[in-house]
Amino acid sequence: MTDPNLIAGMEKPDDAGVYKISDDKALILTVDFITPVVDDPYLFGQIAVTNALSDVYAMGGKPLLAMNIICFPKDGDITILQEILRGGFDKMAQAGVLLVGGHSVDDPEIKYGISVTGFARPERILKNTGARPGDKLILTKPIGTGIISTAIKADMAVPEAADEIQRSMNTLNRIPSELMEEYEVHACTDVTGFGLLGHACEMIEGSDAGMVIHFKQVPVFKEALEYVRMGLIPGGAYRNEEFRKGVVRTAQGITGDMMKILFDPQTSGGLLIALSARQAEAFLEKLHSQGVTEAAIIGEVTSENPGKIMVKE
Ligand code: CO
Ligand code: CO
């Protein structure tokens, strides 16, 4: 079934579903729930909500309403559940989102997240596709959360590395999303399970644009490369790389270890934004001045190699 008011749906999956309900209003719908990524239940609740809200921000929207989704063992410690929900609730309050309901299921494995309803003006909706040759690419958070989480599980991570990724995963993408409105942004997505390159591929897939990513310009958590060298690599990084190997080429100097970082699956990652080159520096300055201090220009959209990504030093 099709509908002329459907802006983003199942045919070409985007970060969220989008439906135009009037000339000046589009509804944005998304759902995301995850297994614990940290031991602290309160922090896990916050991160799960930050992660789920990210898809609305990636569409250029404002999240408004949410419903809890909870899987929790029936004989589990109820105080843990209360802390998860408190973390989620506090994060929703910070984002200006109203919790309006929810549903829980008895499950031996804990999972938590939310469904979200957001809004945007229809012409403000930013899809994954639409990047134009000449555009610059900006990434708003460092990558490497999957690798560092793997190191934490193996008891190999230094405390600073854990603190860094937790702070990052717990940071809303609200500020970059709101700031995008003032600039000529052509496409946006959030970096999550497919890794930076996996989501970058989605931006140009089937289009007449290619992409160059400069590894040295990509913000990376500083311990990540060392942990990759120690073999602390999540299975998802291999799967992501295998899935996109026909689309990504590497220049001299780019190692297999670097590629594992670029394909590392992220939880609650940053926004990947394609915008007009002449505004890129100004937008970056604005991001930095508004506290998005690790944002960086990481590459550009090209007319060469359509549908392909070239990784350079
Ligand atoms: Co997304
Ligand atoms: Co998502």
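Indexing begins at 1, ligand by ligand and atom by atom, following the structure's order. Remember, predicted model here, so these are calculated numbers, not experimental data.
Residue side and main chain included, D15 places an N/O/S atom under 2.8 Å of the Co ion (ligand 1).
Between the Co ion (ligand 1) and the N, O or S atoms of D55, the shortest distance is to OD1. The minimum distance between the Co ion (ligand 1) and any N, O or S atom of D190 involves atom OD1.
In summary, the side chains of T192 and H199 do present a donor paired with an acceptor at a separation below 3.5 Å, with no hydrogens or angles considered.
With S207 contributing its side chain and I204 its backbone, the two residues share a donor-acceptor pair below 3.5 Å.
The cationic atom of K111 (NZ for Lys, CZ for Arg) does not lie both less than 6.0 Å from the six-membered ring centre of F33 and within 45° of the ring axis.
Of the candidates T171, L172, L179, L179 is the only one forming a side-chain contact (heavy atoms from CB on, under 4.5 Å) with I175.
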